[in-house]
Amino acid sequence: MTSTQKWPEQGWAFLQLLLVASVSHAEEPVCRRRGDPENPLLSKDGDIILGGMFSFHTSWKERKDTYMNKPLPLQCTSLNFRDLQFAQAMLFAIEEINKSTDLLPGISLGYKIYDTCDNVARSVGVTLALANGNVSAIIGATSSSTTIALATVTGPFFLPVISHLATCACLSDKTKYPSFLRTIPSDYYQSRALAHLVKYFGWTWVGAIRTNSDYGNNGMATFTETAQQLGICLEYSVSFFRTDPYAKIQRIIDIIKASTSKVIVTFLSRPDLNVLLHEFLYHNLSGYQWVGTESWIFDSQTAEMDIHHILDGAIGLSIPIAHVSGLRNFILNEKPLNSSNTELFTEFWETLFNCRFKELKSSSDIQRECTGHEDVTGVQNSFIDMSLMPIFNNVYKGVYAVAHALHIILSCNKTCNKNVQLDPFMILQHIRKSHFTTKEGDEVYFNENGDPAAKYDIINWQPRENGIVEFVTVGLYDISLAAEKQLHLQSKSLIWARNSKEVPVSVCSEKCPPGTRKVLQKGRPVCCYDCIRCAEGEISNITDSVTCVRCLPEFWSNERRDACIKKEAVFLSYEEIMGALLTAVSLFGACMTIGVILIFFKYRKTPIVRANNSEMSFLLLFSLILCFLCSLTFIGQPSDWSCMLRHVAFGITFVLCISCLLGKTMVVLMAFRATRPGSNVKKWFGQTQQRLCVTAFTLIQVNICIIWLTTSPPFPFKNFKEIKDKITLECALGSAVGFWAVLGYIGLLAILCFIFAFLARKLPDNFNEAKFITFSMLIFCAVWITFIPAYVSSPGKFSVAVEIFAILASSFGLLICIFIPKCYIILLKPEKNTKKYMMGKKAPNSL
């Protein structure tokens with residue numbers, strides 16, 4: 001808003017003020033304070049005043065407001081040694097600066113320190129008192145909720161607030177909290193660090209308990225978001241505040257007992273955990289692995305309360321161990337506290353030694369009397385425990401950050417310019433830019449959100465033989481390092497729940513091994529799933545795979561489904577039984593045919609050989625040998641040459657064979673036609689004409705094969721679909737038209753041969769070779785007609801076996817039906833192998 005825009009509002013306010021003054025009596029003040037003034041618990045004058053806000057008490061007496069009278073002031077109870085130590089750390093830093101000649105020389109720092117009672121409403125009143133008290137900066141508060149109230153009030157005034165323990169990530173929002181800074185890392189980093197810590201140990205199924213406050217809710221929200229990104233699921237997430245009714249605690253206990261997760265992540269403040277811990281002890285909730293935050297993981301009071309060792313083995317994040325020389329002695333020295341506030345000192349002394357001073361002791365009081373000379377170092381309680389020295393160091397650094405900013409603003413050298421008008425916004429800007437190193441070597445600076453560099457020690461609760469828990473540093477989480485180096489752990493030195501050396505297992509479902517894939521369980525988180533075995537031909541070679549990957553066509557999944565192995569190539573080979581049998585039968589047929597040739601050659605002068613055109617018989621026997629041998633080209637691994645050879649050899653040899661039969665049949669038929677008077681048929685079916693006929697028929701098939709081979713020849717083919725886990729090596733036809741043209745031409749010749757043989761069936765039996773040719777053609781046609789459906793339906797190499805079987809069966813049919821009867825007469829019935837018998841009219845009884 002510009003100055004011109006402010007003028008109307010300011011003028012109206014001034015007018016109202018004049019009206020009030022005009023109707024008021026002269027002796028009455030214009031402005032009056034409403035309510036009771038807030039007085040500091042500890043204070044000291046100085047040139048520059050610093051404010052402080054700590055929870056010296058953790059509770060307050062309940063009061064019943066009637067709304068008829070002014071409410072009574074809040075009465076705080078339960079002295080809190082921890083925040084008392086924080087305040088003493090602030091006093092120590094101020095005293096050290098005042099004694100320094102290098103930092104703010106000649107300038108004395110004073111303080112006004114208030115008690116918030118850990119109450120948000122009181123914190124607002126205290127903040128307003130400080131804002132009106134001319135302080136340059138405020139150190140505090142301890143809890144996030146209190147600090148949010150504090151920063152909300154001071155934000156419009158740009159009054160710097162530096163907290164030592166408020167970790168809520170929401171406070172990094174500079175649009176809401178422009179004047180807030182802190183010397184403890186934001187929970188944004190702690191939440192993410194916790195998620196990475198949980199992931200590191202493989203815990204994907206965890207429970208969560210949080211404080212129902214800004215600290216717990218915001219911290220757990222960031223943890224949950226990061227956990228989901230890392231594949232971690234929360235079985236339950238419950239909130240709790242120490243003032244909640246017992247029924248709420250019982251519900252939390254029932255949830256934990258009913259859960260299956262063994263790891264509990266907590267975002268609890270120390271007071272809240274202490275309330276829960278008492279009930280956990282009662283219900284013996286042991287055996288769980290606790291993961292904690294900086295609020296309690298390094299707290300000795302919490303360890304002392306855990307008498308049943310429920311939290312033993314807990315692991316969590318803590319502010320790195322620090323040391324401030326002289327601070328311990330200062331805290332244990334009661335004189336500064338006594339000189340600042342006698343009333344607070346009295347309460348502190350009575351609480352510390354559990355006694356009462358004589359003047360305050362009633363007659364019914366059974367507590368022993370305080371002497372004032374008790375030894376502070378001789379007691380065993382949280383006041384002398386310096387385990388929170390890292391937090392004390394945060395308070396210390398916060399005071400020094402303000403001092404360094406003032407040092408620059410006041411242009412300090414050997415002396416400082418006391419005439420400089422201090423402005424809160426100016427102080428805030430210089431604090432944000434401050435960058436210094438403490439006397440202990442700690443580097444202090446703030447990022448654009450007013451946060452320090454995030455670094456955490458990883459603490460493990462390790463019980464010792466005497467029952468005391470030792471906080472052992474087992475690792476480090478440093479956000480400033482590369483992502484893969486941020487988390488560093490010494491896993492061998494860890495002790496887990498129930499004093500175990502083994503890392504606890506907390507998963508909803510066991511990891512899916514290689515060879516399986518995850519299938520989510522309906523209605524449950526993504527961490528709950530079933531492991532389903534990969535289908536055949538698919539694999540997964542990693543743990544917890546969400547999908548199975550299909551193998552390449554030439555590969556197949558192994559038995560475990562975790563690797564693709566090369567498919568076995570199958571084809572009809574000579575080594576297997578079926579291939580060997582077919583080879584043997586083929587060679588046997590060829591040898592049998594050679595035997596017939598030898599018989600015919602030896603008895604070539606006999607009438608039965610000469611009467612049936614011995615030249616065509618020898619050519620037919622030769623073609624039968626080729627038919628038997630061509631089946632061998634179908635056995636073995638297919639190659640370019642074998643694929644072309646097998647079909648071409650098959651087509652040409654069978655055409656040659658049937659052409660010879662066709663020529664013989666035509667000769668038999670025409671032989672009797674030629675005996676009729678005036679017939680000139682004989683001159684058309686001499687030996688020359690028969691040779692030309694066979695050659696012509698064969699050349700037609702040769703031309704068909706040439707066209708087939710030149711246009712789209714057969715080729716080797718890997719069939720991946722026939723047998724899913726094997727590669728079938730076969731010969732693709734190339735052109736199906738070419739294949740069926742070859743086969744159809746063979747069929748056409750076979751039908752013609754059958755017709756001619758059928759027409760010659762009534763010729764005299766003694767000379768009737770056509771009857772045997774007819775029968776052989778019936779077998780031939782029957783074989784090849786049944787071949788077609790068998791070939792089409794047979795898988796892989798069996799289709800090749802069917803084709804070989806058809807070749808051999810038809811070849812044996814021709815050989816046996818045509819030549820075996822003649823061999824029978826030649827060898828066993830020589831008396832019938834005479835010209836007289838061959839020319840006889842009566843058919844022999846034997847055949």
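Only heavy atoms go into these numbers, but all of them, side chains included; no hydrogens, no water, no symmetry mates.
- Under 3.5 Å, the side chains of Thr293 and Tyr215 contain a donor-acceptor pair of N or O atoms.
- Between the side chains of Thr142 and Asp83, a donor-acceptor pair is found at a separation under 3.5 Å.
- By the 6.0 Å contact criterion, NZ on Lys99 is open, its count of non-hydrogen atoms from other residues, nucleotides or ligands being 12 or less.
- In terms of modelled atom types and a separation under 3.5 Å, the side chain of Thr127 and the main chain of Val153 share no donor-acceptor contact.
- In this model, no donor atom of one side chain and acceptor atom of the other lie less than 3.5 Å apart for Asp457 and Ser318.
- Although no hydrogens or angles enter the test, the distance criterion places no donor-acceptor pair under 3.5 Å between the side chain of Asn393 and the main chain of His323.
- Scanning both residues, Ile310 and Leu285, for their nearest heavy atoms gives CG2-O, 3.3 Å.
- By the 4.5 Å heavy-atom criterion applied to side chains, Ile113 and Pro40 are not counted as neighbours.
- Between Tyr111 and Ile49 the shortest side-chain heavy-atom distance does not fall below 4.5 Å.
- Between Lys397 and Asn394, the closest side-chain pair of non-hydrogen atoms falls below 4.5 Å.
- Side-chain N/O atoms of Asp312 and Asn499 include no donor and acceptor closer than 3.5 Å.
- In this structure a side-chain-to-backbone donor-acceptor pair under 3.5 Å is present from Gln462 to Ser493.
- When all heavy atoms of Ser295 and Arg270 are compared, the pair lying nearest together is O-CB, 3.7 Å.
- Using a cut-off of 4.0 Å between Lys/Arg side-chain N and Asp/Glu carboxylate O, Asp299 and Arg82 are scored as salt-bridged.
- Thr211 places a side-chain N or O within 3.5 Å of a backbone atom of Ser269 that can act as its donor or acceptor partner.
- With a 6.0 Å radius and a threshold of 12 heavy atoms from other residues, nucleotides or ligands, Asp254 has its CG atom above the threshold.
- Checked by atom type and distance alone, the side chain of Lys439 pairs as donor or acceptor with a backbone atom of Ser325 at under 3.5 Å.
- When the shell of 6.0 Å around NE2 of His278 is examined, it contains 12 or fewer heavy atoms from other residues, nucleotides or ligands.
- A distance-only check finds no donor-acceptor pair linking the side chain of Asn80 to the backbone of His57 [under 3.5 Å].
- For the pair Phe280 and His308, the minimum side-chain heavy-atom distance is 4.5 Å or more.
- Taking each heavy atom of Asp272 and Leu268 in turn, the nearest pair found is CB-CD2, 4.4 Å.
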Between Cys370 and Glu374, is the side chain to side chain contact (heavy atoms under 4.5 Å, CB included) condition met? List the steps. CA-CA 8 Å; Cys370 297; Glu374 287 83 0; 4.2 Å; yes
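- Exactly one residue among Glu369, Glu350, Glu347 makes a salt bridge (Lys or Arg N to Asp or Glu O under 4.0 Å) with Arg356. That residue is Glu350.
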Carefully, step by step, assess Asn218 and Asp187 under the rule side chain to side chain contact (heavy atoms under 4.5 Å, CB included). CA-CA 8 Å; Asn218 284 280; Asp187 275 339; over 6 Å; no
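- With rounding to the nearest 0.5 angstrom, the SG atom of Cys168 is 11.5 Å from the CD atom of Gln190.
- Applying the salt bridge (Lys or Arg N to Asp or Glu O under 4.0 Å) criterion to Glu440, with sequence neighbours excluded, gives no partner residue.
- Side-chain atoms of Leu91 and Glu95, non-hydrogen and from C-beta on, never get closer than 4.5 Å to each other.
- Counted by atom type alone, Thr146 and Thr116 present zero donor-acceptor pairs between their side chains at under 3.5 Å.
- Aromatic ring orientation, Tyr400 versus Tyr396: tilted (interplanar angle from 30° to 60°).
- The line from CE of Met389 to CD1 of Ile321 is 11.5 Å long, rounded to the nearest 0.5 Å.
- Atom CG of Leu50 sits about 11.5 Å away from atom NZ of Lys44, to the nearest 0.5 Å.
- In this structure, the side chains of His283 and Lys257 come closer than 4.5 Å at one or more pairs of heavy atoms.
- Atom CG of Asn39 is separated from atom CG of Asp115 by 12.5 Å, given to the nearest 0.5 angstrom.
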Does the pair Ile427 and Leu159 meet the rule for a side chain to side chain contact (heavy atoms under 4.5 Å, CB included), with working shown? CA-CA 8 Å; Ile427 298 173; Leu159 179 61; over 6 Å; no
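- Counting heavy atoms from C-beta on, the side chains of Pro105 and Cys416 come closer than 4.5 Å.
- In this structure, Tyr246 places its OH atom where more than 12 heavy-atom neighbours from other residues, nucleotides or ligands lie under 6.0 Å away.
- Asn98 and Ser108 share no side-chain donor-acceptor pair at under 3.5 Å.
- Pairing each heavy atom of Lys248 with each of Asp244, the nearest pair is NZ-OD2, 3.4 Å.
- Not less than 6.0 angstrom separates the ring centroid of His407 from the ring centroid of Phe436.
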List the steps and the verdict of side chain to side chain contact (heavy atoms under 4.5 Å, CB included) for Met53 and Ile139. CA-CA 6 Å; Met53 291 176 61; Ile139 306 298; over 6 Å; no
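- With Ser434 contributing its side chain and Ile431 its backbone, the two residues share a donor-acceptor pair below 3.5 Å.
- Gln289 and Trp496 share no side-chain donor-acceptor pair at under 3.5 Å.
- Annotation: side-chain hydrogen bond (donor to acceptor under 3.5 Å, both in side chains) contacts of Thr266 (sequence neighbours excluded): Trp296.
- With 3.5 Å as the limit, one finds no donor-acceptor pair spanning the side chains of Ser144 and Thr147.
- Taking every heavy atom of both residues into account, Gly398 and Ile162 meet most closely at O-CD1, 3.6 Å.
- Close placement of the Phe392 and Phe86 rings is indicated, their centers lying within 6.0 Å of each other.
- Within the 3.5 Å criterion, the main-chain N or O of Tyr189 finds no donor-acceptor partner in the side chain of Ser186.
- Judged by distance alone, the side chain of Asn460 and the main-chain N or O of Ile495 form a donor-acceptor pair under 3.5 Å.
- Applying the ring pair (Phe, Tyr, Trp, His ring centres under 6.0 Å) test to residues at least two apart or on different chains, the pairs with a partner in residues 113-160 are Phe158-Phe425.
- Formation of a donor-acceptor pair under 3.5 Å by the Glu294 side chain with backbone atoms of Ile319 is not found in this model.
- The aromatic rings of Phe348 and Phe81 sit perpendicular to each other, their planes meeting at more than 60°, with 30° as the lower class boundary.
- The two residues Arg182 and Ser172 have their closest heavy-atom pair at NH2-OG, 2.8 Å.
- For Trp461 and Phe298, the distance between ring centers is not under 6.0 angstrom.
- The distance from atom CG of Leu109 to atom CD1 of Ile107, rounded to the nearest 0.5 Å, is 8.5 Å.
- How far NE2 of His404 is from CG of Leu104: 8.5 Å, rounded to the nearest 0.5 Å.
- Contact annotation: the side chain of Val275 approaches that of Phe240 to within less than 4.5 Å [non-hydrogen atoms, C-beta and beyond].
- Under the 4.0 Å criterion applied to side-chain N and carboxylate O atoms, Lys112 and Asp45 are not assigned as salt-bridge partners.
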